[in-house]
Protein chains: 2
Amino acid sequence: MADANILNAGNTAASAQFLREAEIRRGIELLYFGYTNMVRGADGLLDRHGLGRAHHRALYFIARRPAMPVGDLLALLNITKQSLSRVLADLQTRGLVIQAVGQRDRRQRLLELTPEGAALEAALFEELRTGMAGAYAQAGQNAVTGFWAVLTGLIPAADRPMIQELQAGL
Amino acid sequence: MADANILNAGNTAASAQFLREAEIRRGIELLYFGYTNMVRGADGLLDRHGLGRAHHRALYFIARRPAMPVGDLLALLNITKQSLSRVLADLQTRGLVIQAVGQRDRRQRLLELTPEGAALEAALFEELRTGMAGAYAQAGQNAVTGFWAVLTGLIPAADRPMIQELQAGL
DNA sequence: ATATTTGCGTCAGCCATGTTGACGTATTTC
DNA sequence: GAAATACGTCAACATGGCTGACGCAAATAT
């Protein structure tokens, strides 16, 4: 009896630990596959335009926050300015993005999409929208709320305001 | 009155559409930032071992499914064998991974972690576990279920069995 | 039994996108 | 007027994808 209790206690703890790890791994894997499938959704269209995923990310955020200064985009993307500059140069050469001198601070360069850039971004968004809307519909509104909650928890608290500002008022 | 109703109907539809797009964009952004923050969690440890993210992915899946044939890993990672071969060569050179000839099919090469490989994978997992466990705890079990549901919906139905098999019995 | 297909490896080269380091210039702030 | 800031640029390099071509051993089909 005592022995059985000891064994049970051990098994229960081990089992709980085991479940925890399985649940964590499940989250890691679904996050990996979910993310890669989402971004893959736009690859065909990007290819047809001779652009890559880095271009897509820049277009996306410029569409999301028009008149965003270069420094803000750098902070969002978390890459070096040298990496971003190649991408922005491509986008400007192709007439998808333009820069304006900031009024408040004339050192800033505010990024904007041209009409062509906006049209392309809309088409790229549509590719992502389809998949995401399907997943939302399948999972239900309650699941969507949980989806957001867990993902928000994965983001360092220090970065959350930046992302919330991105989503503010939209 | 009739005019007001017409306007309301229009506004309601536009508003619903607007909300839908905002919700989709929110999901896209949280998925992007959540994913990148998760993977970034292991970068320090990887750096100290002179490995990259591609090595991490391979180690992860080999740990998850010991004795996995090369072809299965290729299907999971969705990259070319040439890309994978560089990564596997590195891992074998460093004594983290070994290959065994398949018994059922002797053309297959079954991938296994060495004890050193398993130890490194465990340490890498621990880096991810911290963040994921924190997010789960903050969001709650119900949210976790929704998180899984939405992510599953993002994965093409054809790929889901492969991923479920990965998680089966664990 | 031979022909074909499959699983895997490899050589060679290219592309996209990230990095570091150094330096320049206009503008703002102290 | 000096220092800090926002941005741009040149150069070199690393990582991790890709295509194409070829080879071999083992399994499978005819």
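Per chain, numbering begins at 1; letters A, B, ... match sequence-line order.
Between A:Asp47 atom CG and D:dG17 atom C1' there is a gap of 12 Å when expressed in whole angstrom units. Between the CG atom of A:Leu84 and the C1' atom of C:dA16 there is a distance of 15 Å, rounded to whole Å. Atom CG in A:Leu73 sits roughly 14 Å away from atom P in C:dT17 (whole-Å rounding). Taking atom CZ of A:Arg53 as the reference point, atom P of D:dG16 lies 15 Å away to the nearest angstrom. Atom CZ of B:Arg106 is separated from atom C1' of D:dC24 by 14 Å (rounded to the nearest Å). Going from atom CG of A:Asp90 over to atom C1' of C:dT17 covers 11 Å, rounded to whole Å. Rounding to whole angstrom units, CG of residue B:Asp43 and P of C:dT19 are separated by 10 Å. Distance, A:Ile98 CD1 to D:dC7 P: 16 Å, rounded to whole Å.
A:Arg25 forms a cation-pi arrangement with B:Phe125, by the criterion of a distance under 6.0 Å to the ring centre and an angle within 45° of the ring axis.
Taking 4.0 Å as the cut-off between side-chain N and carboxylate O, B:Arg64 and A:Glu29 count as a salt-bridged pair. One finds a salt bridge joining A:Arg53 and A:Asp43 here, because a Lys/Arg side-chain nitrogen approaches an Asp/Glu carboxylate oxygen to under 4.0 Å. The residues B:Glu126 and B:Arg129 are annotated as salt-bridged, a charged nitrogen and a carboxylate oxygen being separated by less than 4.0 angstrom.
Remark on DNA chain C: of its neighbouring residues A:Arg104 and A:Ile79, the 5'-side contact belongs to A:Ile79, judged by nearest-heavy-atom nucleotide.
B:Phe147 CZ to B:Leu151 CG: the interatomic distance, rounded to the nearest 0.5 Å, is 5.0 Å.
Shown here are the salt bridge (charged side-chain N to carboxylate O under 4.0 Å, His left out) partners of B:Arg106, two or more places apart in sequence or in another chain: there are none.
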* Asked: Nucleotide by nucleotide, 5' to 3', does protein get under 4.0 Å of the base (B), only the sugar-phosphate (S), or neither (-) in nucleotides 4-15 of chain C, counting heavy atoms?
  -> --BSBBBB----
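Under 4.0 angstrom from either OP1 or OP2 of D:dG16 there lies at least one side-chain N or O belonging to B:His55. B:Ser83 has a side-chain polar atom (N or O) that falls below the 4.0 Å cut-off from OP1 or OP2 of D:dC18.
No side-chain N or O of B:Gln99 forms a donor-acceptor pair with one of B:Glu112 less than 3.5 Å apart.
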